[in-house]
Every structure is written in structure tokens, then in C-alpha cells.
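Heads up, the thing below is written out as C-alpha cells.
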Amino acid sequence: MADDAAIVDIIKCVALFYKFVVAPKDFIRKEKFRIRLPRSLHKLQKLKELFRLKVTETGLAFSGGGIRSAAFCSGVLRRLLQRNTKIDYLSCVSGGGYTGSAYVDWKYRNKNVDDPKWHQEFFEHMRERSGLMCNWQKPLHGVVDTLIILLLVLFVCVLKPLILWGPYVFPVAYGVDLFFGNLLRAEFRCPDPPTASLPLNNTTSNYTLPVPQGIQQPRCEVETGTKSYYRLVLFSVFAAVFVVFYILAKQLPKYNYWLYLVSTILGLLFGFTFIPYCIQFLFQDTPVWVQLLVLVFSLAVWIFFPVLRRRSSFVVVVYLYSYIVYWRVFKDYIFGVMYSDHLFFRLMFAFGFVLWTAPFLGSLQQRLVYLFNKWRLQRVFYTPQSVGKWGCQGVGVEDLFLASCKCASQTEYKHLGHDESGPLTLGDLGPNMKPQYMSNVVVNEWSLDEDEKQRYELLVMSPTVIERLDRREGQVHSEGRLEPKHVKLCAAMATSAAAVARNMGAYEDSTVGFKQLQVVLGLGMDSFWVSDVESLRRRNCCWEILPFVIEVVRVLPLVTFPLVYFLKGERADDEIWVAIGVLLFFILLGVLTIFSVLRTGHENPGSLERLTRWFAVNVPVVRYMRQLLSVANRGPTPPPILLLSDGGHIENLGILLLLKKRLPKIVVVNGGGKTDDSDWGKDLLHAFSLAREKLHCSFIGLDGRDVIEDIKEEFVNTADGLKPRSYRCKVHYYEKNDILERGRKVGEGEILLLAPRHPNKGIMKQECVTWKEALRNIDVDLEAGKWGTGPQQNAEEVDSLTCCCCDCCHRSCLQCLSPDCLCGAFPRHSKANQFFTPRMFTAYHCEGYNACLEAEAAEFLGARQDVEMASPTEDSNGAQ
């Protein structure tokens with residue numbers, strides 16, 4: 001009867017609204033308008049609440065934690081699938097996304113129908129391939145995997161930086177010598193070294209043979225005079241102005257990028273003049289091995305000393321460049337090599353050609369680690385139809401060159417008559433597939449307001465929408481620009497798992513000292529995506545060729561003008577051609593640098609901003625400089641390049657996206673890393689704190705107690721042997737921005753947290769059962785040798801899981817070789833342990849199943865107590 005009355009009220013409310021639309025003036029004249037409007041809104045709210053009671057949606061969150069969390073979440077998923085549990089939303093972070101995205105990939109390939117037989121194949125597939133990066137189950141594979149990783153690190157962190165940064169050092173050295181060389185060399189009086197000379201091609205400097213052993217090279221004497229005074233003034237002015245502009249950049253946020261750019265240029269000039277001058281005194285009669293030792297020690301001080309670490313990459317580059325500047329300015333020995341114009345100009349000319357490869361090499365360096373991580377993850381967990389035989393189908397040209405995003409979804413392949421095999425996109429999953437997969441990703445260097453200090457936010461990627469967590473009503477973020485059909489499922493998963501990144505979200509302050517060094521070395525699994533893919537897909541060929549033209553023109557002066565100098569016989573009076581080429585090169589580089597610091601993000605961008613966005617997307621130098629200078633996008637319009645990293649860099653449980661949907665039932669699976677048992681409640685409390693701030697939620701215990709104290713007493717501070725694997729609390733949802741009623745409660749729900757425990761510490765609520773008993777009515781048979789005898793484990797089994805590289809090495813007697821501080825012990829094995837074995841996977845999988853069974857999570861989400869999942873012969877329509 002109450003529901004019928006509510007429906008009658010709603011009909012009246014709709015009729016009232018119809019009268020307002022047809023005749024608004026007559027409706028406003030009525031005296032009861034002021035009374036009817038609030039009542040009508042109240043009736044609409046009653047209808048909303050009535051609808052929620054009849055249609056209850058549920059959510060499941062898989063936390064971050066690498067392969068350890070993936071294994072634990074897989075056990076929970078097995079239990080929920082066994083009970084045919086209704087799950088509407090699946091929110092995943094990092095390692096939890098391994099299991100979550102792989103499950104929806106397998107479900108899509110099995111015609112969106114859950115079936116126990118492919119479920120068993122899916123979990124067995126994950127268990128056998130649990131060694132993600134180094135699979136030592138087969139020693140030969142393990143050796144090959146290890147060599148690949150070592151070569152990757154060598155290529156990305158050593159060879160690529162030398163190739164990318166090396167070509168710039170010779171124009172820099174020549175420019176410093178051109179403007180300040182005479183001043184730096186003044187007042188030095190050096191006797192001729194006792195060496196023989198060999199003229200080379202009429203160069204102004206002679207190539208001198210190495211000094212014979214046993215003969216000490218005379219040290220240069222410094223004479224005081226007017227020139228030394230000018231030198232002191234030069235150093236002081238550069239240093240003082242550098243400090244002034246650096247302080248102004250901190251005090252004036254509106255112009256901080258321009259001021260920071262000026263301070264950086266002045267700092268470079270100070271370093272390129274003062275450090276070579278100091279090297280002249282240090283290296284006069286110093287052996288080569290001492291010079292190398294000083295170089296290594298100096299670099300180590302800047303990289304590892306806490307006070308200097310913040311600008312370590314900046315100083316390291318300046319320091320290394322200063323040696324070549326010293327070599328050019330003072331024309332002396334450096335590490336046993338004597339200077340000559342013949343050698344210097346040919347090196348500058350040759351490296352000019354290397355600069356033409358910079359766009360390709362730079363893009364590859366910045367994305368190679370991410371691509372390797374993505375390739376390994378999808379190859380391990382996804383179906384062969386999605387990734388192919390070698391697991392490479394999810395890696396395309398757009399992953400190497402951002403301006404080539406022309407990926408097609410499976411739906412588009414079908415329309416074109418192609419085979420359905422190939423990488424899935426989020427658009428392929430569709431809004432009707434249950435559960436709806438949601439990937440938690442952090443977007444960095446983007447603030448919605450000019451004065452907003454936080455430059456990062458959680459970004460949700462799902463089959464229905466791609467948007468920020470704090471998206472405001474009426475704001476347009478990705479519609480018409482970046483849509484689910486443009487995002488590959490494997491890319492969303494790998495990006496959410498980018499734990500090592502150059503932009504770290506909430507952890508930015510703790511890693512800012514290494515950020516620039518990471519950019520220089522290319523260390524990071526984070527990803528860069530073009531925010532307006534549709535415009536790239538619509539552009540014509542002329543716009544595709546233009547970036548290559550810009551790169552050719554940018555480097556052309558370093559190649560053509562020195563070539564004129566060589567053709568004229570390398571005479572000193574013809575060096576003017578080299579000077580013109582170097583100056584033009586730096587002018588063009590300066591113009592591109594200006595584009596890298598121009599503002600973007602306005603809701604209605606002007607012509608200059610649109611041009612800046614085009615340069616940031618299509619010209620790698622501009623994109624690289626924006627990242628190196630940490631240029632943030634300020635405004636509602638997304639940045640031209642989305643800098644994306646691990647969702648755990650804000651919140652590791654993945655619960656915020658579910659709370660934003662105000663779900664009545666939420667299960668959170670926490671497989672994150674912990675140092676001890678006291679940490680198990682911290683992630684949940686951190687998530688609650690963010691939910692209060694961003695989503696206006698309120699949390700209490702089941703008995704009405706404060707949630708902080710309730711977590712401590714009921715979940716954390718419990719005795720060994722009585723530690724629960726679950727915790728439940730209530731959440732109240734509030735609508736804060738309602739015009740008529742502020743702070744109005746709009747719903748409530750319950751949250752169930754699941755966490756692993758050691759067998760000796762966790763509570764035992766039921767008798768141990770075998771897998772045959774646990775999987776009754778399921779037409780599958782788990783081999784005891786692979787999955788253990790049952791979901792419950794004993795302490796001896798899990799304590800034998802040492803840090804060894806294969807299952808045959810796991811022994812309880814080897815625990816001394818695997819201290820807890822090295823790679824952890826169950827249930828806190830380090831996710832950095834790349835030798836994760838199938839037995840380790842089995843242990844966490846069983847613990848996840850046991851935790852779900854103990855907490856009755858399936859029943860919490862709505863599964864009936866007396867119904868197990870039907871076998872295929874009983875129910876062929878088991879899709880959720």
C-alpha cells in the first residue's frame with residue numbers, strides 16, 4: 001500500500017511538471033507554487049529511493065599489490081563465480097587489474113557466458129604463468145627473461161640517454177666558447193708540453209701526441225689582473241640572477257614556468273662557465289684514473305645526497321657537459337684525449353645527423369619500459385585470441401608514436417569483415433556486460449582551477465565513460481575526444497599497474513628528487529596518451545608530414561653550415577659558418593622551448609593555445625620539455641598529453657569509484673603490501689578520508705561506533721589466532737551541492753573488506769574442507785598437487801614459500817635464506833619479487849577463497865544460501 005501511494009504521488013508530480021512546461025506563466029501565478037515545488041521534489045526523491053530498493057547494484061574492488069594481489073583476488077573471484085554472485089561493477093587497481101581485466105577478456109571470448117569449465121582453465125592459466133617477468137619454472141626461459149630485462153635496462157638507461165643528450169653537448173660547448181671563451185682563458189700562462197705535434201688539415205690547433213710516461217705535464221699558472229675581475233663578476237651575476245629568478249618562480253605561481261625557464265637558462269650558463277674553469281685547476285697533472293674517480297664520486301653525491309637530490313638530473317647533465325665545454329674552451333687533455341678542431345667539428349657534424357633520430361629514439365626511450373610491462377602482462381593473462389601467439393597484438397604503432405592513434409575496436413573489425421581476433425577495447429565490452437570493468441588510473445599535471453595546488457586526480461576508464469573522479473556537472477572532459485572505443489583493455493590494465501612512474505600522484509613530494517633523473521634516464525612504466533584521439537583520426541596527410549618537416553628544419557643548421565666550413569678547407573677565418581649554424585640551431589630550439597611552457601587548459605582555447613596543443617602532441621621535443629619542466633595543464637579542458645600512472649598513487653583499494661556510484665553493497669579485496677599486521681586497516685582509513693573529502697561520504701561501524709576505533713578494535717588490534725579476515729561497516733551517502741537542501745542524505749550502504757591472514761594468526765570459523773567438498777555441484781576437479789588439498793592451509797605450507805625461483809626450491813629449512821626484510825613472508829611477500837612461483841600463487845589464491853568463504857561475501861552481495869553455480873548441463877544461460 002505504501003508503494004502504491006508513492007506511485008500516485010509521483011503521477012501527480014509528473015502532471016504538475018507538465019503544467020509548468022505547457023503554461024509556465026499561469027503556473028507561476030498560483031499561490032501554492034512555493035509549497036508544491038518542495039513537495040514535488042520530495043516525491044521525486046521518494047521515487048528514487050523506491051527504485052533503489054527494487055534494483056540493488058553491487059560492486060567489487062580488487063586492490064593493487066602486484067602478482068600477490070592478483071593471486072589473492074583470483075581466489076575471491078573463484079568463490080563468487082562458484083556461487084553465481086551478481087556483480088555489477090568491478091573496480092580494479094594495479095595488480096588487482098591483472099585478475100579483473102583478464103576475467104572480462106576471457107568472458108568476452110566465451111560469448112559473455114560464465115561457465116565452470118572455462119573458469120577452471122582461466123585460473124589454471126594464471127597459476128602456471130605467475131612468474132611475470134622472470135619465469136624460472138623452465139631454467140632456459142628464466143635465463144632468457146633475465147637477459148631481456150638486463151638488456152632493456154642497459155638500452156634505456158645508458159645507451160639511449162647518451163644518444164639523446166650527446167648531440168647537444170657539442171653545440172653547447174661551441175656556443176660557450178664563442179661568447180665566453182676568451183674571458184675564461186684569459187690570465188692563463190701555460191708552458192708548452194714536452195710532446196711532438198702533428199698538423200692536421202690546416203686547423204688552428206695542433207693535434208698533440210700523448211705525453212710519454214714518466215714526464216709530468218707542466219701546470220698552468222694563473223696571473224691576477226683585470227680579466228680575472230671580469231670573470232668573477234660574470235660568475236657572480238649568473239649565480240645571483242639564477243637564485244633571484246628561482247625564488248620568484250616559487251613566489252609567483254602564475255608565472256612560475258616562465259620564471260623557472262629563465263632561471264634554468266641562467267643556471268646552465270653559470271654551470272657551463274664556472275665548472276670548466278674549476279676543472280682547469282683540477283686536471284692539470286691528475287692521472288686519468290683519478291679523473292674518472294672524481295667524476296663518479298661527484299655524480300654519486302648529487303644523486304644520493306638528500307639535499308642535492310631534488311635537482312640531481314639537472315646538475316648531472318650540466319656536470320657532464322662541462323667536461324666537453326672545458327675540452328673546447330681550454331683545448332686541453334680530457335681523460336687522456338687531446339683536443340683538436342679537426343676532431344671536435346667532425347663530432348659535432350656527425351652528431352647532428354644523430355639528432356634527426358631523436359624523435360624516434362626519444363619516444364621509444366620514454367615508452368619502452370611501459371611497452372615491455374604491457375607486453376608481459378597481456379601475454380601472461382589474456383586469451384590467445386586477444387594477444388596472439390607471441391602476445392604482441394596489443395602493442396601497436398600508436399604505443400610508440402603518440403600522434404599515430406588509429407586503433408580500431410573489435411566491433412569495427414566485424415563491420416569491416418575482419419577476423420574477430422585482436423586486442424579488445426573498452427568499447428568492445430559494452431555497457432551491458434556484467435560486471436562492468438573500471439580501471440583506476442591517476443592523471444598527473446592537471447588541475448581544474450588556476451589556484452588549485454593538487455595537480456593530479458583519479459581517472460576512471462570504463463566501457464561507458466572516461467572521466468576524472470572530481471568531474472563537475474556540465475564540464476566536458478573526454479566526450480568527442482577520447483572515448484572507450486579508443487582505449488585498449490590491456491592498455492587500461494597496464495597503465496593502472498604503472499607503479500614505477502615519473503609522475504607519482506600523491507607520492508610526488510617523496511619522489512620529486514628522482515623525477516627529473518627518471519625523465520632523463522627513461523625510467524618509468526607510466527603511459528602518455530593523446531587526449532584528443534578523434535582529431536588525430538580525422539586529420540589529413542599534410543598535418544601528418546608537418547612534424548617531420550619541423551624536425552628536419554630544427555637540425556638542418558648543425559649539418560649544412562659546418563659542411564660549408566669543411567668544404568672550404570677548415571680554415572680559421574671560415575668558422576663563421578659554424579657559428580651561424582649553431583646560433584640558428586639554438587634560436588629554433590628556443591622557439592620550441594617557448595611553446596613547451598605556454599599554458600593549456602582553457603575551456604575555450606584561443607589560436608595560440610590550439611597551436612601549443614598541436615606542438616605538444618606532434619613535436620617530441622616540446623612534449624619532452626613539458627615533462628622535464630613539469631608543466632601543468634590548468635583548466636577544465638584535458639591536457640594535450642595525458643600523463644597517466646598507477647591508480648594506487650592516490651588510493652590503492654579502488655573503492656572510490658564504487659562509492660561515487662553510491663552502491664548499497666561493496667566488497668573490497670585488499671591484497672596490498674604491508675609491513676606488519678597493524679597496517680591492514682590503513683588503506684581502508686585512507687580511502688575513507690578521501691571519500692569524505694571528495695564524495696561527502698560518512699562511515700560508521702555496524703553498531704554505530706566511530707569507524708576508526710571500530711577498525712582498530714574489530715580488525716587490527718586482535719590477538720593472534722583470532723584475527724578476522726574480514727571487516728564490515730556502514731556508509732552514508734550525502735548530496736552536498738543540492739540547491740534547495742544542503743547536506744541531504746541520499747542513501748546508505750555496507751562495505752565488506754577482505755584481507756589475507758597467516759594460518760596461525762587468522763581465526764578459524766569452520767572445519768577444514770577439501771576442494772571436492774568446496775566445489776560441490778561443480779563439474780570440475782582441481783588437482784590436489786596443483787591447488788593443495790583444500791582452501792584452508794596450514795602454517796607449514798605457507799612458511800615454506802621462500803624467495804627461491806621455482807617450486808622445487810621451496811623448503812621450510814630454507815627460511816633462513818629468505819628473511820622477511822628481503823622479499824617478505826606469507827601473506828606479505830614483496831610484489832617486487834619477480835620469481836613468484838605457482839606454489840606462491842596457489843597459497844594466495846586459496847587464502848582469497850577461504851577469506852571469501854569465511855566472510856560469506858557471496859551471500860553479502862546477494863547470492864542465495866542454498867544455490868551453488870549450476871553446471872553447464874543444468875543452466876546454459878549463466879551470464880550475469
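Residues: numbered from 1 along the sequence shown.
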**OP:** Measure up the Tyr844 and Phe836 rings against each other and bin them: parallel (under 30°), tilted (30 to 60°), perpendicular (over 60°).
**Re:** tilted

**OP:** Compute whether any side-chain donor of one residue and acceptor of the other, for Trp529 and Ser531, lie under 3.5 angstrom apart.
**Re:** no

Subject >> Point-to-point distance, once rounded to the nearest 0.5 Å, from OG of Ser63 to CD of Glu651 >> reply: 9.0 Å

**OP:** Could you check Leu448, Val460, Val465 and say which one makes a side-chain contact (heavy atoms from CB on, under 4.5 Å) with Arg471?
**Re:** Val465

Subject >> Reference residue Arg662; test side chain to side chain donor-acceptor pair (under 3.5 Å); the match among Glu748, Glu57, Glu735 >> reply: Glu735

Original post:
Which heavy-atom pair separates Arg455 from Ser630 by the least distance, and what is that distance?
Top reply: NH1-O, 3.5 Å

Subject >> Any side-chain donor near an acceptor of the partner, His686 and Asn652, under 3.5 Å >> reply: no

Subject >> Partner of Ser94 under side chain to side chain donor-acceptor pair (under 3.5 Å), chosen from Asp646, Asn440, Thr495 >> reply: Asp646

Subject >> Atom of Tyr382, atom of Ser101 and distance for their closest heavy-atom approach >> reply: OH-OG, 2.8 Å

Subject >> Salt-bridge present (Lys712, Asp710; N to O < 4.0 Å) >> reply: no

**OP:** Would you check, one step at a time, whether the test ring-ring contact (aromatic ring centres under 6.0 Å, His included) holds for His845 with Phe123?
**Re:** CA-CA 9 Å; His845 178 91; Phe123 291 120; 5.4 Å; yes

**OP:** Give a yes/no verdict on a cation-pi contact between Lys665 and Phe860, requiring under 6.0 Å between NZ or CZ and the six-membered ring centre and an angle within 45° of the axis.
**Re:** yes

**OP:** Give me the ring orientation class for Tyr734 and His732: parallel if the planes are under 30° apart, tilted from 30 to 60°, perpendicular past 60°.
**Re:** tilted

Original post:
For the salt bridge (Lys or Arg N to Asp or Glu O under 4.0 Å) test, which of Lys434, Arg83, Lys107 pairs with Asp114?
Top reply: Lys107

**OP:** Fit a plane to each ring of Phe381 and Tyr98, take the angle between them on a 0 to 90° scale, and name the class: parallel (under 30°), tilted (30 to 60°) or perpendicular (over 60°).
**Re:** parallel

Original post:
For Lys674, does the NZ atom sit with more than 12 other heavy atoms under 6.0 Å from it, leaving out its own atoms?
Top reply: yes

Subject >> Candidate list Arg68, Arg757, Arg725, test salt bridge (Lys or Arg N to Asp or Glu O under 4.0 Å), partner Glu847, passing option >> reply: Arg725

**OP:** State the OH-CD1 distance between Tyr727 and Ile751, to the nearest 0.5 angstrom.
**Re:** 9.0 Å

Original post:
Using 4.0 Å as the upper bound for N to carboxylate O, is an ion pair formed by Asp470 and Arg468?
Top reply: yes

Subject >> Reference residue Ser645; test side-chain contact (heavy atoms from CB on, under 4.5 Å); the match among Asn444, Ile650, Val443 >> reply: Asn444

Original post:
So which heavy atom on Pro463 is nearest to which on Pro431, and how close?
Top reply: CB-N, 4.5 Å

**OP:** Report yes or no: is the cationic atom of Arg634 (NZ for Lys, CZ for Arg) closer than 6.0 Å to the six-membered ring centre of Trp446, at no more than 45° off its axis?
**Re:** no

**OP:** Evaluate side-chain hydrogen bond (donor to acceptor under 3.5 Å, both in side chains) for His758 paired with Asp799, printing each intermediate quantity in order.
**Re:** CA-CA 9 Å; His758 191 277; Asp799 289 340; 2.9 Å; yes

